[in-house]
> 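Below: one structure in C-alpha cells.
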Amino acid sequence: MRAGHQGTGPGAITPDGCAVELYSRLPVGDAPDVVSAAVPAGARILELGCGVGRMTHPLLERGFTVTAVDESAEMLERVRGARTIRSTIEDLDLDERFDVVMLASFLVHTGDPEVRQALLRTCARHVAKDGCVLLQREGEDYHTNVPRERVDPSGFTLRIASSEPVGDGVNSVRAEYEFPDATWTQAFLARPLTKEQFEEALAQAGLEVDSYLTDDGIWVRAVPVAQA
C-alpha cells in the first residue's frame, strides 16, 4: 500500500486503496460522452489507470481502439475487448504514439509533485504530434464542500467524509461507499491545484490546454506544445 493510501471492504485492494469489487459496481456517468465529443471518431486511445474498464468498455462500444494500462492485475482481469498492459503509469514507455492519451480519475492531483510530472511526461511521451491528452481535474469545491453525500440512482451512497491538510499543500481525503450489502472506504492523498498551477504543471511536461471541455472545468483537452 502506498504511503497515505488505504482501502477497506470486501475483495482485493490495490496499492492506492482502490477496491476492485467496488469499482466493478460504480457507474461511469457521462464521462464516455465527454470523451467521444472531444476526439476524432475511431481514435486510438491510451487509457492510463483504466481500473476495471469502467471507461474502457463504453469507449470500445463507441468504436474506439483502446490500450488499457493499470498497475493492478486484479483490475485488468475485469477488462474485456481491449489490449491491456500491466504497468505503473510513471514507468510506461511503449515506444508508440496515440491519437488520444487519457489521464482520468483526478490522477493529476497526486500529492507528490515529482509523481505528477512523471504522469504528465508519460502522457506527452505517448501522444501523437497532432493528438490530444484528456485529463480529469477536481472540481473547485472538491476539498471545501466537505463533508458531502450523494445518493446514486443505482442504489448506493457516496460520502466524501473529510479532507484534512497533512502538510505541504496536500490533503488526506476519506471517501465512503455504502451499498445495501457492503461498504468500502478509501483514503488517499490529493493536492489541490488552482487553474494556474494545473496549467503550469502541463507546461513543464510540454503540454498546453486546448480547451476546458465541461462548464465545471473538470474535463480538459491538452495538446503538445508546438516546437519552434
> Over all heavy atoms of both residues, which pair between A161 and P147 is shortest? Give the atoms and the distance, please.
O-CB, 3.5 Å
> Got a donor-acceptor contact below 3.5 angstrom from the Q204 side chain to the A201 backbone?
no
> Ignoring hydrogens and angles, tell me if any N or O in the side chain of R148 forms a donor-acceptor pair with the backbone of Y142 under 3.5 Å.
yes
> For E140, is the CD atom crowded, meaning more than 12 foreign heavy atoms sit under 6.0 Å from it?
no
> Just do the side chain to side chain donor-acceptor pair (under 3.5 Å) check on E47 and T56 with the steps written out, would you?
CA-CA 8 Å; E47 184 186 3; T56 316; 2.5 Å; yes
> Nearest 0.5 Å, what's the CG-CD1 distance between L94 and I85?
4.5 Å
> Does the structure place the NZ or CZ of R25 under 6.0 Å from the centre of the six-membered ring of F179, at an angle of no more than 45° from the ring's axis?
yes
> Under the 3.5 angstrom rule, does the side chain of W219 hit a backbone N or O of Y212 as a donor-acceptor pair?
no
> Kindly give the heavy-atom pair with the smallest separation between A68 and V79, and that separation in Å.
CB-CG1, 4.4 Å
> What's the verdict on side-chain contact (heavy atoms from CB on, under 4.5 Å) for V173 and I160, showing C-alpha distance, side-chain angles and the deciding distance?
CA-CA 7 Å; V173 180; I160 302 299; 4.1 Å; yes
> Are there more than 12 heavy atoms of other residues, nucleotides or ligands under 6.0 Å from atom CG of D181?
yes
> Show the nearest heavy-atom pair for residues L22 and Y177, with the distance to one decimal.
CD2-CD1, 3.5 Å
> Decide yes or no for L207 and L135: does some side-chain heavy atom of the first lie under 4.5 Å from some side-chain heavy atom of the second?
no
> Say whether S162 and E164, considering side chains only, have a donor N or O and an acceptor N or O under 3.5 Å apart.
no
> On a heavy-atom basis, which atom in A19 and which in W184 lie closest, and how many Å separate them?
CB-CD1, 3.2 Å
> Say you draw a straight line from CD of Q6 to CD of Q186; how long is it, rounded to the nearest 0.5 Å?
10.5 Å
> Do H109 and P192 come close enough that some side-chain heavy atom pair is under 4.5 Å?
no
> Tell me whether L107 is reachable from I13 by hopping between hydrophobic residues (I, L, V, M, F, W, Y) whose side-chain heavy atoms are closer than 4.5 Å.
no
> Under the criterion salt bridge (charged side-chain N to carboxylate O under 4.0 Å, His left out), I'd like the reasoning laid out for D168 against R191: C-alpha separation, chi angles, the key distance, then a yes or no.
CA-CA 9 Å; D168 190 33; R191 181 182 295 274; 3.2 Å; yes
> As a quick check of understanding, evaluate salt bridge (charged side-chain N to carboxylate O under 4.0 Å, His left out) for R116 and E114, giving each step before the final call.
CA-CA 5 Å; R116 180 178 64 241; E114 292 185 5; over 6 Å; no
> Would you mind reporting whether C123 and L48 have side-chain heavy atoms less than 4.5 Å apart?
yes
> Could you give me the CA-CA distance, side-chain angles and deciding distance for C50 and V69, then say whether side-chain contact (heavy atoms from CB on, under 4.5 Å) is met?
CA-CA 6 Å; C50 67; V69 178; 5.7 Å; no
> Could you tell me if the side chain of C132 sits less than 4.5 Å from the side chain of V39, heavy atoms only?
yes
> Within this structure, what is the CD-CE distance for the pair Q136 and M102, rounded to the nearest 0.5 Å?
9.0 Å
> Which atoms form the tightest heavy-atom contact between E74 and A12, and what is the distance?
CG-CB, 3.9 Å
> Between T214 and D216, is any side-chain donor less than 3.5 angstrom from a side-chain acceptor?
yes
> Quick check: is V209 connected to V133 through a chain of hydrophobic side chains (ILVMFWY, heavy atoms under 4.5 Å apart)?
yes
> Grouping I, L, V, M, F, W and Y whenever their side-chain heavy atoms are under 4.5 Å apart, do L76 and L59 come out in a common cluster?
no
> Are I218 and V108 co-members of a hydrophobic cluster defined by side-chain heavy atoms under 4.5 Å apart?
no
> Assess, by modelled atom type and distance only, whether the side chains of E96 and H126 contain a donor and an acceptor separated by less than 3.5 Å.
no
> Can you see whether F198 has R137 sitting over its ring - NZ or CZ less than 6.0 Å from the centre and within 45° of the normal?
yes
> Between R78 and E21, is a salt bridge (charged side-chain N to carboxylate O under 4.0 Å, His left out) present by the stated rule, with each step listed?
CA-CA 10 Å; R78 307 291 181 106; E21 179 62 31; 3.6 Å; yes
> Specify the closest pair of heavy atoms between S172 and V166, including all atoms of both residues, with the distance to one decimal.
CB-CG1, 3.7 Å
> Nearest 0.5 Å, please: how far is CG in D152 from OG1 in T157?
9.0 Å
> How far does CG of L158 sit from CZ of F156, to the nearest 0.5 angstrom?
6.0 Å
> Are H57 and V66 close enough, and set up right, to give a side-chain contact (heavy atoms from CB on, under 4.5 Å), and what steps lead you there?
CA-CA 9 Å; H57 300 139; V66 182; over 6 Å; no
> Would V223 and V101 show up in the same hydrophobic cluster when neighbours are defined by side-chain heavy atoms closer than 4.5 Å?
no
> Quick one: does T67's side chain have a donor or acceptor within less than 3.5 Å of a partner on R83's backbone?
no
> At what distance, to the nearest 0.5 angstrom, does CG of D99 lie from CD1 of I45?
8.5 Å
> Relative to F188, does R174 satisfy both conditions: NZ or CZ under 6.0 angstrom from the six-membered ring centre, and within 45 degrees of the ring's axis?
no
> Keeping H143 on the side-chain end and N171 on the backbone end, is there a donor-acceptor pair under 3.5 Å?
no
> Do L213 and S211 make a side-chain contact, defined as non-hydrogen atoms from C-beta onward lying under 4.5 Å apart?
yes
> Would you check, one step at a time, whether the test side-chain contact (heavy atoms from CB on, under 4.5 Å) holds for V100 with F64?
CA-CA 10 Å; V100 181; F64 298 104; over 6 Å; no
> Is any side-chain heavy atom of M55 closer than 4.5 Å to a side-chain heavy atom of P32?
yes
> With no hydrogens and no angle check, is any side-chain donor or acceptor of T122 less than 3.5 Å from a backbone partner on I89?
yes
> For salt bridge (charged side-chain N to carboxylate O under 4.0 Å, His left out), just list the numbers for R2 and E71, CA-CA rounded to whole Å, side-chain angles, deciding distance to a tenth of an Å, and then say yes or no.
CA-CA 13 Å; R2 291 200 181 99; E71 67 177 334; 2.9 Å; yes
> I'd like to know if the side chain of D70 and the backbone of G51 have a donor-acceptor N/O pair within less than 3.5 Å.
yes
> Does a side-chain heavy-atom distance below 4.5 Å link V220 with L134?
no
> Is any side-chain heavy atom of D91 closer than 4.5 Å to a side-chain heavy atom of D93?
no
